Structures are given as structure tokens and as C-alpha cells.
Amino acid sequence: MASASRRISGYTANTVPIVSGLMTSKPENQSTTSADPANDGQRWKDALVEIAETRCRVQYAKLFNHFAPRLKMFALRLCDSNEALALELVQDTMLAVWQKAHLYNASKGAASTWIYTIARNLRYDQLRKASSKADVISAEDLWPVLEAETDDGRSAPDHLVLQLQLEKYYDALSPAQMEVIRKVYLEDKPQQQVADELNIPLGTVKSRIRLAVQKLQDKIEAHHD
Amino acid sequence: MIKSHPSEGLLQAFVAGELPPALALCVSAHVDMCRLCQRDVQRLEAQQAEYSLEQAPVADQAPLPDELDHMLSAILAMPEAPADSPKASKITKISKHIHWNQQKFLLPRALQQQVNHQPALQAGESWRQLGKLWRGRLAEHDEWRTSFYYIERGGEIPEHTHKGREITLVLSGSFVDGDEVYQEGDFIYRDGSHTHKPGADATEDCLCFTAVEAPLHFTTGATRLLNPLGKLLY
Ligand SMILES: [Zn+2]
């Protein structure tokens, strides 16, 4: 297709300078724990993992001491300097960090990125609740970053194509793959339950799904091009 | 193949937490469906976290101000959640699909969260028919309305001009606007300067999600009579 990489433009809202300032180094007296930012990053990764595994309050307090004041500055900016809203955002974020530390995946990024993303998503929830007219939103309305990684769907956009309507593609799958796909996606069963029903390891369920999704994606892309 | 993505500026504003929530929802749902934008967003989030948190001018050793000190005590005083088994609890509670016309559509994660609060919408019961179109309203936020649209093959929305921004995210089937045909995952951004009459492809039905800022204004002949429907439609 001629316009394969076309991007829709026209957005004109103000954005913060994402890049500017990134390269400035910290004044020396501000980093008392380590002069090396890379070590710092590792330190907070380790802290989060330890918090998840041992519920260590001392580590959490250290993490809180580091991030809460920084989050507050960020939150004040997002909340147009509304102190009450900003503190609510900090509290909700840091509470989520304490309670959901087990959902942090150190291989996917820095601790600060995870915490930042939680705060940003909670800010959108806050805005949505404040502006919403008709819709009912529960208190635990957390965005995907705080969902348990219950299946491979977390970051696999391909799954959208797995709808009944697309049954015409299913003949690309082996019977074993189809069986797993049917149970997980069409019958909405947890992967562990499917593993139990079929008497196979959870890892096999996951790998069958991965292969099946790949096959479907290839086939569908071939069809659409 | 997804061919139409949010602009870099839109992704940046999304990452920075600066979009109206309806628009943020559209971007987030697209990102769920789009590997390329996932990569961009992850990169921008890492940069923005570094800039907003790590490089914030805050001294680590300073004692916490009172309000944060109290917050820390309050958080640590919360009862521990019962032995964390997120796998068991979450997955049964969240349904991932929306039902329409005896079909079942798997939604991007960002939309699953929202739709779960509205059983009638999710079951296809609160949808409103307008010719070959059905609309299921999700929410109204200030000037924004978010909705699902089901457009039967060959159906179109009468020609209209926007008064504000309109985002369409194609969830299933093909969505046609002028000479362009959009597919699953495509993110289509329009602003007030644009007149169009989008619809479904002639060969298949289309399900999409839209966020519209302010009502549409219909432009052609008899369809001006439909103007009052603009509000119902979007
Ligand atoms: Zn994209």
C-alpha cells in the first residue's frame, strides 16, 4: 500500500519537553547514595523485587523516601498545582507500589518507569472520574499496568484478531493449538484451568498459544496485504 | 497491517499525562493493539520517568515533610491484602469481550476495563439503531463522548463536518473514509477542518470505537434533517 507508513498529524496541544533536560547531570550533593545513575537504577529495581518477595518495610520506606517527594513534584505539575489532588495521586501511586510490587517485572524496565506509569494512569482515572457524567466507575479502576500478568495478552496486540468472526483463519492451527485457543479465548478460561483440564503443563499451554497467535497473525497479514 | 497511528506529539502528550481522558483512552487502546506504538510509548515512558522523577531537584537525604511522613505511616498501617493470588481473582472478574449481533469481540485491554462497568453495553442491550448503524455509548466526559459503533456492510454515516476532534479506532472489519480503507487497529484522527462520510466496507461489517469532541454538524441536503441526531449518534 502506498500510504503504509502515513501518520495522522494535526495534534497541537502543548507537550512537555520530553527530551530537553534529559542529558543534564545531577548536582553532586543530590545523589548521596551513589554517584552512578546506573547503580541507582539497579538499586531501586532490587528494592522493588525485595519488597515484593519479603514485604520488607525498611526497603519500602527507603523507596518511599526517594520517590514520594519526586512524585509530588510531578503530581503538582499534572494537577495544576492543586495540592490536595496531587497528594491523593501520590498516595494512590505509592499504595499501589506497596500492594502490587509483585506485578513489577524488572526485565521490562526501570523501577522509576513503572512507578511513573502507575501515577500517569491513575491521573487519567482521576480525570475520568472528575469529568464523567454518566458512567459508573469503581474504586479499583486500575489501568492495565496494574493487572496481574495472567496471560500472554498483556502485551500481545495480536489477540484482537482472535474473535469468532475470524474463524476462517482457524484452519491454520493444529487441533492441539485450536483446542487451547478455544478454551482460553472463546470460553474465557484461565490458562491454569486449561492446563489442568488437558492435563498438560502450564508452559505448554502458553507456548501453544504463542505459536497459534503467530500463525494466525501471519495468515491474517497475508490476507490483508 | 496497521497503517494509521497516533502522531508522535499525541503519543508524547499521552505519556506525559496531558490528554483529555477520552482521547487518552483511544491512544491507550491503540497502543494495546500496536507493537510499533508500544515500543515508542515504552521508550517515551522511560525518558519521561527519568526526566520527571530521577532528575527532579530533590535531595535524597532530606527528612520527609510531614504530609509525606504521615502518608508513609498510613500506607504501612494498611492491612496486608489476603495472600496475593491475583491470578485467581482478576481473571474471573474481568470479561474481555463485547457482544454484538451474535458475535463476540475481544477488546483491547484499556477498553476491557471500561466496558466491564457497563453490563448492558457489554451485552449489546443498550445499543441504539440508526439505519445500518448501531451505537453503544460508553461515557461522556466534559465535551467528549466515547462510543462503540457497529456499521453493517455498506452502511455509512451521513456527510458531516466536525466541530472538534474525532478519533476512530477500528476494532474489527474495514472502515472506509474517502479513498482510504482502514483495518483493525488503525487509529484515525480528524479535526474540525474535515468534512467526510465514513462507513463500513461493502464486503464486511465494521466495529469501531470513537471519541468525539462536541457534536457533529451534518452538511448535505436532506441529511441536515438529521442534525438533531448528531447528538444521538456521537
Ligand atoms: Zn500504532
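These figures come from a predicted structure and were not determined experimentally. Below, chain A is the first sequence line, B the second, and so on; all start at residue 1.
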Item checked: Side chain, backbone, both or neither of K62(A) within contact of chain B (heavy atoms, under 4.5 Å) -> neither
Next item on the list: Taking all heavy atoms of S112(A) and all of A49(B), pick out the closest pair and write down the distance.
Entry: O-CB, 3.6 Å
Checklist line | Stepwise side chain to side chain contact (heavy atoms under 4.5 Å, CB included) check, Q48(B) with R120(A) | finding: CA-CA 11 Å; Q48(B) 195 63 307; R120(A) 193 269 324 279; over 6 Å; no
Item checked: Residue part contacting chain A, namely of E45(B), when any heavy atom lies under 4.5 Å -> both
Next item on the list: Starting at CG of L64(B), measure out to CG of N65(A) and round the result to the nearest 0.5 Å.
Entry: 4.0 Å
Notebook entry, point to check: How many angstroms lie between CG in L68(B) and CZ in F67(A), if you round to the nearest 0.5 Å?
Noted result: 14.0 Å
Next item on the list: Begin from the C-alpha positions of S52(B) and R77(A) and carry the test side chain to side chain contact (heavy atoms under 4.5 Å, CB included) through to its verdict.
Entry: CA-CA 10 Å; S52(B) 296; R77(A) 203 170 74 216; 3.2 Å; yes
Next item on the list: Give the intermediate values and the outcome of side chain to side chain contact (heavy atoms under 4.5 Å, CB included) for residues E83(A) and E67(B).
Entry: CA-CA 11 Å; E83(A) 174 108 8; E67(B) 77 275 7; 4.3 Å; yes
Next item on the list: Measure distances from L78(A) to the heavy atoms of chain B and classify the residue's part below 4.5 Å as side chain, backbone, both or neither.
Entry: side chain
Margin query: Please check this pair: side chain of R70(A) against backbone of E54(B), looking for a donor-acceptor N/O pair closer than 3.5 Å.
Written below: yes
Notebook entry, point to check: What is the minimum heavy-atom distance between V58(B) and P69(A), and which atoms define it?
Noted result: CG1-CB, 3.7 Å
Item checked: pair P57(B)-M73(A): side-chain heavy atoms closer than 4.5 Å -> yes
Next item on the list: Kindly compute the distance separating CZ (R43(B)) from OG1 (T113(A)), expressed to the nearest 0.5 Å.
Entry: 13.0 Å
Quiz: residues 87-96 of chain A side-chain donor-acceptor pairs under 3.5 angstrom, not counting sequence neighbours:
unit_1, atom_1, unit_2, atom_2, d
T93(A), OG1, L89(A), O, 2.7

Check: Which atoms of A61(A) come close to chain B, meaning under 4.5 Å heavy atom to heavy atom: side chain ones, backbone ones, both, or neither?
Finding: both
Note to self: Using only atom types and a distance under 3.5 Å, with no angle test, would you say the side chain of Y60(A) pairs donor to acceptor with the backbone of L76(B)?
What the structure shows: no
Margin query: Walk me through whether Y124(A) and L25(B) qualify under side chain to side chain contact (heavy atoms under 4.5 Å, CB included).
Written below: CA-CA 9 Å; Y124(A) 280 132; L25(B) 186 58; over 6 Å; no
Margin query: I'd like to know if the side chain of Y116(A) and the backbone of V15(B) have a donor-acceptor N/O pair within less than 3.5 Å.
Written below: yes
Checklist line | Residue part contacting chain B, namely of A68(A), when any heavy atom lies under 4.5 Å | finding: both
Next item on the list: State the CG-CG distance between L19(B) and L127(A), to the nearest 0.5 angstrom.
Entry: 10.0 Å
